[in-house]
Undergrad: 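I have a structure here, written as structure tokens, and I will follow up with some questions on it.
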Amino acid sequence: MNYASTIVGWGKALPSKSRTNADLSKLVDTDDEWIVSRTGIRERRIASDNETTFTLACDAANRALDQASLSAKDVDLVIVATLTPEYGFPSTASLVQDAIGATTAGAFDLNAACAGFAYGLAVARGFIESEMYRTIVLIGSDTMSRVVDWTDRSTCVLFGDGAGAVVLQRTDTPGGIGSTCLRSDGSGGPLLIQRAGGSRHPTSAQTLRDGSHYLRMNGREVYRFAVTATTEAAIAVMVDAGWTSNEVDLFIPHQANVRIIESAARSIGIPMDNVFVNADRYGNTSAGSIPIALCEALDHQRIQVGSKIITVGFGAGLAWAAHAITWTAPTASS
Ligand code: ACO
């Protein structure tokens, strides 16, 4: 029997507090016109003191399990994709496993930065299709507001906080995650980096003084990489799945910047009507971005049983990943 892995539950969690471009113009020398014209972002959600990567991950996971009508006791594995974990260790996934009551599950974190959820889909798919596990909760959760430098106008306007989760299960119904592409180019590591806090530069008075515990980015180079990587990976999975761009019902790219999304969609040949965009409301929520967008696409009836979906995540590493998914789970509109 050939088994497929398919998404049977989904949920998202976003902080209630939002920060608009006008709010940011009071913090740094920027304005709404610059931010909207360069990025398409209008507002982003910012975690309050008691909202963290862990709390958002738990909320999203519980919603995904409810949506799938499954109990946490059914879960074999919890994966949390994040670059802003709750602690250096233990893993955020172990905290979530305990909090949601997944008492017979394994748990680990996965760090592929903003591509973390897309990498996690590939990992979960492997576990399921090798028949090692039946039910996996995959969460993308990040609180980027905790690692951006709120005095650096070139990065602080881009990011937001949030989490999304999916429940993946083994099925003998054809469809589900049909094609996967994982890529990395570590030579681009310095383009997007948090230098301090790891083994190279442990946190010290000096690293705090020079601000090297904050995210730093070469925006222009990352922009160029993002358009090329998104285009190439999307085409790779589309070709592998045997689809043409006309057949793609919905493209769900990483929500970093609307200009990156538009440029990649044009190169792939997917009209913007078939592209899901919510970066205007949430900014770049890193590993949360694709599962949050997936949840909203389902809420807005943009996905039905049989829909052909392409997702692409990209981020620090540099790392990027894509999937071709044929939707099989019942949705509100099917
Ligand atoms: N408001 C006003 N001016 C600004 C701002 C701001 N918020 N930020 C930068 N500027 C200024 C710069 O200082 C620069 O001024 P100068 O010419 O006087 O030096 C000018 O605007 C142009 O700066 P650029 O960086 O060249 O602007 P660009 O058009 O490239 O846009 C941006 C910058 C939006 C960051 C773009 O490069 C981008 O989107 N890059 C990709 C970022 C991204 O997606 N990163 C996430 C990857 S995923 C992950 O894993 C985290």
Side-chain angles (χ1 to χ4, degrees), residues 5 7-15 45 47 50-68 70 72 74-128 132-133 135-147 159-169 182 194 197-198 254 282 284-295 311 313 315-317 319 321 323:
S5 42
I7 294 170
V8 296
W10 51 90
K12 68 179 196 296
L14 289 149
R45 299 295 178 90
N50 57 2
E51 289 170 317
T52 66
T53 296
F54 159 72
T55 66
L56 294 169
C58 287
D59 289 349
N62 281 325
R63 283 170 195 151
L65 283 166
D66 281 352
Q67 216 284 326
L70 287 170
D74 300 319
V75 175
D76 300 312
L77 182 66
V78 176
I79 305 173
V80 175
T82 185
L83 60 78
T84 53
E86 195 79 353
Y87 305 111
F89 58 87
S91 75
T92 306
S94 284
L95 303 176
V96 172
Q97 167 273 315
D98 179 51
I100 66 174
T103 47
T104 55
F108 63 87
D109 285 2
L110 184 159
N111 182 349
C114 294
F117 180 83
Y119 262 73
L121 273 185
V123 172
R125 176 189 184 192
F127 276 122
I128 287 174
M132 186 179 279
Y133 291 130
T135 304
I136 297 179
V137 173
L138 168 65
I139 307 156
S141 183
D142 269 310
T143 41
M144 298 302 285
S145 64
R146 305 273 154 83
V147 294
F159 295 95
D161 301 332
V166 294
V167 182
L168 291 122
Q169 274 197 323
L182 301 183
Q194 182 186 25
H254 176 42
Y282 304 132
N284 179 351
T285 52
S286 186
S289 139
I290 290 176
I292 292 169
L294 176 71
C295 289
T311 64
H323 299 274

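Computed from a predicted model, the values in this text were never measured in an experiment.
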Undergrad: To the closest 0.5 Å, what do you measure between CE (Met144) and CG (Asn284)?
TA: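 It is 6.5 Å, given to the nearest 0.5 Å.
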Undergrad: Does the side chain to side chain contact (heavy atoms under 4.5 Å, CB included) test come out yes or no for Leu70 and Val75, once each step is laid out?
TA: CA-CA 8 Å; Leu70 287 170; Val75 175; over 6 Å; no
Undergrad: For Ser286, enumerate each residue passing the side chain to side chain donor-acceptor pair (under 3.5 Å) test, keeping only those at least two apart in sequence or located in another chain.
TA: Asp142
Undergrad: Residues two or more places apart in sequence or in another chain: which of them pass side chain to side chain donor-acceptor pair (under 3.5 Å) with Gln97?
TA: none
Undergrad: Can you tell me if Thr53 and Thr143 form a side-chain donor-acceptor pair at under 3.5 Å?
TA: yes
Undergrad: In sequence, state the C-alpha distance, the side-chain angles, and the governing distance for Leu294 and Ile7, and then conclude on side chain to side chain contact (heavy atoms under 4.5 Å, CB included).
TA: CA-CA 11 Å; Leu294 176 71; Ile7 294 170; 4.1 Å; yes
Undergrad: Would you find a donor on one side and an acceptor on the other, under 3.5 Å apart, between the side chain of Arg45 and the backbone of Gly160?
TA: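 Checking the backbone N and O of Gly160 against the side chain of Arg45, no donor-acceptor pair under 3.5 Å is found.
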Undergrad: Applying the side chain to side chain contact (heavy atoms under 4.5 Å, CB included) criterion to Val96, which one of Val137, Thr55, Val78, Asn62 satisfies it?
TA: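 Answer after filtering Val137, Thr55, Val78, Asn62: Val78.
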Undergrad: Could you measure the distance from the CZ atom of Phe159 to the OG1 atom of Thr84? Nearest 0.5 Å is fine.
TA: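 Rounded to the nearest 0.5 Å, the CZ-OG1 separation comes out at 11.0 Å.
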Undergrad: Enter the distance from His323:NE2 to Leu121:CG here, rounded to the nearest 0.5 Å.
TA: 4.5 Å
Undergrad: Determine all donor-acceptor pairs shorter than 3.5 Å in which one atom belongs to a side chain in residues 100-109; sequence neighbours excluded.
TA:
residue: Asp109; atom: OD1; partner: Thr92; partner atom: N; Å: 3.2
residue: Asp109; atom: OD1; partner: Ala93; partner atom: N; Å: 2.7
residue: Asp109; atom: OD2; partner: Thr92; partner atom: N; Å: 3.0

Undergrad: If every non-hydrogen atom of Leu110 is compared with every non-hydrogen atom of Gly116, which pair is closest and at what distance?
TA: CD2-O, 3.7 Å
Undergrad: Measuring from atom OG of Ser145 to atom CG of Asp161, what distance do you get when rounded to the nearest 0.5 angstrom?
TA: 3.5 Å
Undergrad: So, taking the atom named CG in Leu138 and the one named CG in Leu77, what distance separates them when rounded to the nearest 0.5 Å?
TA: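 Going from CG on Leu138 over to CG on Leu77, the span is 9.0 Å.
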Undergrad: By side chain to side chain contact (heavy atoms under 4.5 Å, CB included), which residues pair with Ala81, not counting sequence neighbours?
TA: Ala287
Undergrad: Can you name the residues that form a salt bridge (charged side-chain N to carboxylate O under 4.0 Å, His left out) with Arg125, not counting sequence neighbours?
TA: Glu129
Undergrad: Determine whether a donor-acceptor pair (N or O, by modelled atom type, separation under 3.5 Å) exists between the side chain of Asn111 and the backbone of Leu83.
TA: no
Undergrad: Once you round to the nearest 0.5 Å, how far does OG1 of Thr285 lie from CD1 of Ile292?
TA: 4.0 Å
Undergrad: Mind checking ring-ring contact (aromatic ring centres under 6.0 Å, His included) for Phe54 and listing every partner two or more places apart, or none if nothing turns up?
TA: none
